[in-house]
Amino acid sequence: MNVTLYKQMMKVYMKSFMNYAFGSAFYIILMFWLYPSIANNTKAIDEMVASMPEGVGKAFGLNGFGSAEAFISGEYYGLILVLILSIVCVQLSTQLMAKLVDQGSMAYLLSTPTTRGKVAFTQASVLTTGLFLIMAVTSIAGLAGNAWFLGDQYEFDTSRFIQMNTAAFLLFFALGGICFLVSALSNDEKKALSISGMITFGFFSLDLLGKISEKIEWMKYISIFTLYKPGEIVNGHGNWVVTSISLSLIGLASFSLAIVLFRKRDLPL
Amino acid sequence: MLTVEHLTKTFSNGKGIFDVSFTVKEGEVFGFLGPNGAGKSTTIRHIMGFMKPDKGYVKINGLDTWKEQGKVQSYVGYLPGEISFFDGMTGKTFLDFMANMQGMKDLGKRTSLIDRLQFDIHTPIRKMSKGMKQKVGIVATFMHDPAVIILDEPTSGLDPLMQKVFIEIVLEEKSRGKTFLMSSHSFPEIERTCDRAAIIKDGVIIAVKDIHELQSMQRKLFEVTFANQSDAKSFIESGLLIESHEGNRVSVAVQGNYDKFVEETAKYKIHNINIFTQNLEDIFMNYYDREATIS
């Protein structure tokens with residue numbers, strides 16, 4: 001870890017972290033604000049969801065509207081948040097490694113008394129910090145939204161809400177690790193961006209397709225998104241501990257591999 | 001101080017550098033000459049530890065630059081050939097950042113360099129011209145007072161006045177016992193600063209020569225305009241190497257034998273003498289030709 005580099009990178013990226021974090025916070029508060037008006041018509045909406053083809057509801061995690069966290073898990077954690085953070089992972093991981101190599105500014109970092117291992121580790125920490133900040137602000141906004149708009153009138157299970165947020169963070173820690181690995185091995189910024197983008201989008205689509213149809217259910221097991229089931233967490237189903245550990249391990253393995261391989265490869269600087 | 005031993009690296013397209021060896025002594029300025037694509041940058045990448053050699057090694061101050069990453073750099077100042085900085089920085093924030101990365105405390109040298117190169121450090125880097133960026137890079141290279149300085153095409157983009165200032169800085173640092181490796185296309189730059197130079201072509205070191213030897217290899221073309229056409233005629237008979245003549249203008253190629261040239265021209269009334277220096281590529285071509293005839 002190189003503290004100077006970490007501070008500098010955080011300074012550069014703080015603004016975009018905060019933009020994403022506040023965007024996400026704003027959206028989740030909007031969801032909480034909407035919930036009371038929906039909760040009063042829960043039955044009608046549940047019927048409407050039930051009338052849709054079974055696969056569609058499952059694919060987008062529509063999860064019934066009986067409790068606030070079920071509503072949020074379906075409406076926000078199932079799709080919007082995933083999209084926002086996927087974009088962050090793909091873009092940021094590319095900018096933190098491949099871009100510096102492609103542009104040549106990595107030469108300046110490596111001409112100072114630091115090692116490649118430290119540089120890569122620092123950049124990985126910046127990515128992780130960014131994801132953590134966005135998720136933390138989102139969680140806090142969620143808790144605040146609950147206290148503000150719902151109070152005691154509506155059901156809300158705080159610990160499950162936090163579990164769901166942890167799972168989301170770990171999913172993006174793992175995905176960020178994979179994108180970071182791609183980025184650390186690329187000499188070309190555009191190539192890194194398109195490969196990570198394809199992997200992320202591929203995972204996302206496989207998961208979606210696998211959930212829509214039983215026949216191609218196997219597809220979703222190729223995707224790491226399968227380890228993230230916000231709907232099941234809020235319903236108390238599923239094995240939260242196992243999926244969380246798996247995601248952490250995938251993330252740690254990818255980041256470590258990225259650092260090890262970056263130390264050994266030839267850089268065209 | 002800097003040793004390159006049997007350095008070999010073959011790329012997948014068959015190009016690369018092959019068995020490159022040379023040593024730069026402490027306090028020496030060593031030039032590294034060669035046409036584009038000859039392997040100068042590849043060698044410098046190995047010296048900086050950006051690439052892993054297939055065979056051989058580079059040592060600076062006794063430390064292997066590939067294996068001892070993180071230690072070697074504290075002795076080294078590096079000016080990349082292609083300057084690119086981080087986004088969203090001004091000259092000052094970049095230099096502050098680099099000073100922190102170097103663990104520098106004394107900023108006196110930095111301030112004096114900025115004064116000499118005369119540029120506004122508060123300009124955002126993306127708005128700087130190529131020459132301005134080059135100046136920022138030069139400050140970053142010298143400010144931590146490194147013992148070994150690696151310069152990749154250092155004066156590209158600088159105006160002639162600043163090139164002169166830069167050469168002064170190099171000579172001062174040299175007199176303080178600093179070691180330099182400088183790659184270049186530009187012979188005058190190498191000529192004024194270097195003690196020795198290596199010539200590289202197609203990834204192979206062709207020669208390591210004293211700079212005076214290289215100077216004598218450089219051919220100069222003098223275009224002499226005589227007052228009388230008859231003088232031009234008899235001048236042509238003098239045995240000097242005549243490239244072309246037209247009326248009372250004669251072009252003479254001179255390589256080392258300046259005495260003879262001066263002697264011959266002094267015999268006549270001269271209107272004008274123009275001088276054309278041969279560029280590096282031509283020196284190389286000459287050199288290769290001669291090598292070929294010897295072997």
Side-chain angles (χ1 to χ4, degrees), chain A residues 1-19 91-92 94-123 126 184-189 193 259-269, chain B residues 9-12 16 41-42 44-54 63 65-89 93-104 125-126 133 136-137 140-141 143-144 146 148-150 152:
Chain A
M1 180 81 161
N2 185 312
V3 180
T4 311
L5 179 60
Y6 182 78
K7 276 194 206 148
Q8 179 61 41
M9 287 293 151
M10 286 309 288
K11 217 167 96 191
V12 172
Y13 289 108
M14 200 44 141
K15 210 176 141 203
S16 80
F17 291 158
M18 284 299 131
N19 285 342
Q91 275 193 340
L92 192 60
T94 306
Q95 286 177 7
L96 286 171
M97 298 295 281
K99 186 180 175 194
L100 298 186
V101 172
D102 194 355
Q103 281 186 336
S105 31
M106 184 63 87
Y108 277 103
L109 294 183
L110 297 180
S111 69
T112 62
T114 181
T115 61
R116 286 193 201 184
K118 278 188 198 160
V119 169
F121 182 80
T122 309
Q123 300 295 72
V126 172
L185 296 180
S186 303
N187 293 333
D188 185 323
E189 183 189 349
L193 193 66
I259 293 168
V260 169
L261 293 178
F262 183 69
R263 281 176 60 192
K264 299 204 169 143
R265 82 187 188 92
D266 290 334
L267 296 172
L269 294 173
Chain B
K9 177 88 181 178
T10 317
F11 295 116
S12 50
S41 294
T42 307
I44 287 181
R45 281 169 194 163
H46 281 92
I47 292 173
M48 290 307 295
F50 299 155
M51 286 189 163
K52 184 179 197 287
D54 292 342
L63 296 168
T65 55
W66 173 257
K67 290 176 192 148
E68 312 269 349
Q69 284 172 36
K71 285 185 208 154
V72 186
Q73 291 99 318
S74 46
Y75 307 104
V76 181
Y78 173 51
L79 182 69
E82 287 257 319
I83 303 258
S84 66
F85 302 102
F86 306 96
D87 292 341
M89 283 182 162
T93 47
F94 174 74
L95 291 172
D96 285 345
F97 170 66
M98 287 302 285
N100 282 331
M101 289 289 285
Q102 295 284 3
M104 259 169 70
I125 288 175
R126 69 192 157 78
K133 287 184 189 168
V136 177
T141 309
M143 66 180 180
H144 57 291
V148 179
I149 295 151
I150 315 282
D152 199 353

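Per chain, numbering begins at 1; letters A, B, ... match sequence-line order. Hydrogens, waters and symmetry mates play no part in the numbers below; they use all other heavy atoms, side chains included.
Once rounded to the nearest 0.5 Å, the distance linking CE of B:Met101 with CD of A:Gln8 reads 9.5 Å. Atom CG in A:Asp266 sits 8.0 Å away from atom CG in B:Asp54 (nearest 0.5 Å). Atom CZ of residue B:Phe86 and atom CG of residue A:Leu109 lie 3.5 Å apart, to the nearest 0.5 angstrom. Interatomic distance, B:Met89 CE to A:Lys11 NZ, rounded to the nearest 0.5 Å: 7.0 Å.
If you measure heavy-atom distances from B:Phe94 to chain A, the contacts under 4.5 Å come from the side chain alone. Proximity to chain B (any heavy atom under 4.5 Å) is restricted, for A:Lys99, to the side chain, taken from C-beta onward. Heavy-atom distances place no part of B:Glu82 under 4.5 Å from chain A, backbone and side chain included. Only the backbone of A:Arg265 comes within contact range of chain B, judged by heavy atoms closer than 4.5 Å.
Between B:Phe50 and A:Val101, the closest side-chain pair of non-hydrogen atoms is not below 4.5 Å. Side-chain atoms of B:Gln73 and A:Thr114, non-hydrogen and from C-beta on, never get closer than 4.5 Å to each other. Between A:Lys7 and B:Asn100 the shortest side-chain heavy-atom distance does not fall below 4.5 Å.
Side chain of B:Ser84 to backbone of A:Gln103: a donor-acceptor contact under 3.5 angstrom is found. For A:Thr112 (side chain) and B:Gln102 (main-chain N/O), no donor-acceptor pair under 3.5 Å exists by modelled atom type.
Heavy-atom pairs under 4.5 Å with chain A were tallied for B:His46, B:Lys71, B:Gln69; the largest tally goes to B:Gln69. Between chain A and the residues B:Met48, B:Lys9, B:Glu68, the largest count of heavy-atom pairs under 4.5 Å involves B:Lys9.
Aromatic rings from B:Phe97 and A:Tyr108 are positioned such that their centres are separated by 6.0 Å or more.
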